[in-house]
Amino acid sequence: MVDTNLGVVEARFADLIWEHEPIPSRKLAELCAEELNWKRPTTYNVLRKLCEKGIFRNQDGIVSSAVSRQEFYGMQGEQFVKDAFEGSLPAFVAAFTARKKLSEAEIRELLDIINRGRD
């Protein structure tokens, strides 16, 4: 089971991995020093935590995703709908569209997605 609960900094770190994977852990630590101003132990500690959450893996010093970015954010969305709307996708869409009107293009795209989901 993947733990999708990430803080802002963990999410930025995850995005760096997804953008550069597969990446040697040493190169990841260098990237994090440049992008996040982290020391090497910080990178390895956060990487270990995200590996324990089931999002990434570090095999033989090569870091790669166990779950793609799209899958991960899809799981986060599912969890949000479950927590905030008792699992009701229609309730989520109703709340969303009460605040933001959908364009015709968005409506067509959503209908296409719904129709593909029927198969």
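Put simply, the side chain of Leu16 reaches to within 4.5 Å of the side chain of Glu35, judged on heavy atoms.
Residues Phe56 and Trp18 place their aromatic rings such that the two centres sit under 6.0 Å apart.
For the residue pair Ala14 and Leu50, the shortest heavy atom distance occurs at CB-CD1, 4.4 Å. Closest heavy-atom contact between Pro22 and Ser64: CB-CB, 4.5 Å. Residues His20 and Leu31 come closest through the heavy atom pair ND1-CD2, 3.4 Å. Of all the heavy atoms in Met75 and Val2, the pair that sits closest is SD-CB, 4.1 Å. Leu6 and Gln76 make their closest contact through N-NE2, 4.4 Å (heavy atoms, listed as atom of the first residue, atom of the second, distance). Nearest heavy atoms, Asp3 versus Phe72: O-CE1, 4.1 Å.
Under the 4.5 Å side-chain heavy-atom criterion for grouping Ile, Leu, Val, Met, Phe, Trp and Tyr, Tyr73 is connected to Ile17 within one hydrophobic cluster.
For the atom pair CZ of Arg12 and SG of Cys32, the computed distance is 9.0 Å after rounding to the nearest 0.5 Å. Here the straight-line distance linking atom CZ of Arg26 with atom OH of Tyr44 works out to 6.5 Å at 0.5 Å rounding. The CZ atom of Arg69 sits 4.5 Å away from atom CG of Asp15, with the distance rounded to the nearest 0.5 Å. The distance from the CG atom of Leu102 to the CZ atom of Phe96 is 6.5 Å, given to the nearest 0.5 Å. Put simply, CD on Glu78 and OG1 on Thr4 are 9.5 Å apart, with the number rounded to the nearest 0.5 Å. Between the CD1 atom of Ile62 and the CD atom of Gln59 there is a distance of 10.0 Å, given to the nearest 0.5 Å.
Side-chain N or O atoms of Glu71 include one that pairs as donor or acceptor with a backbone N or O of Ser68 at under 3.5 Å. A donor-acceptor pair is defined here as one N or O able to donate and one able to accept, closer than 3.5 Å; no such pair exists between the side chain of Lys82 and the backbone of Ser88. Using modelled atom types, no side-chain atom of Thr97 and backbone atom of Lys100 make a donor-acceptor pair closer than 3.5 Å.
For Glu19, the CD atom counts as densely surrounded, since its 6.0 Å shell holds more than 12 non-hydrogen atoms of other residues, nucleotides or ligands.
Partners of Glu30 according to the side chain to side chain donor-acceptor pair (under 3.5 Å) rule, which considers only residues two or more places apart in sequence or in another chain, do not exist here.
Under 3.5 Å, the side chains of Glu21 and Ser65 contain a donor-acceptor pair of N or O atoms.
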**Request:** Evaluate the side-chain contact (heavy atoms from CB on, under 4.5 Å) criterion for residues Phe13 and Leu47: first the C-alpha distance (whole Å), next the side-chain angles of each, then the deciding distance (0.1 Å), finally the verdict.
**Result:** CA-CA 8 Å; Phe13 178 69; Leu47 175 60; 3.9 Å; yes

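Between Arg48 and Glu52, at least one side-chain N (NZ, or NE/NH1/NH2) sits under 4.0 Å from a carboxylate O, which counts as a salt bridge.
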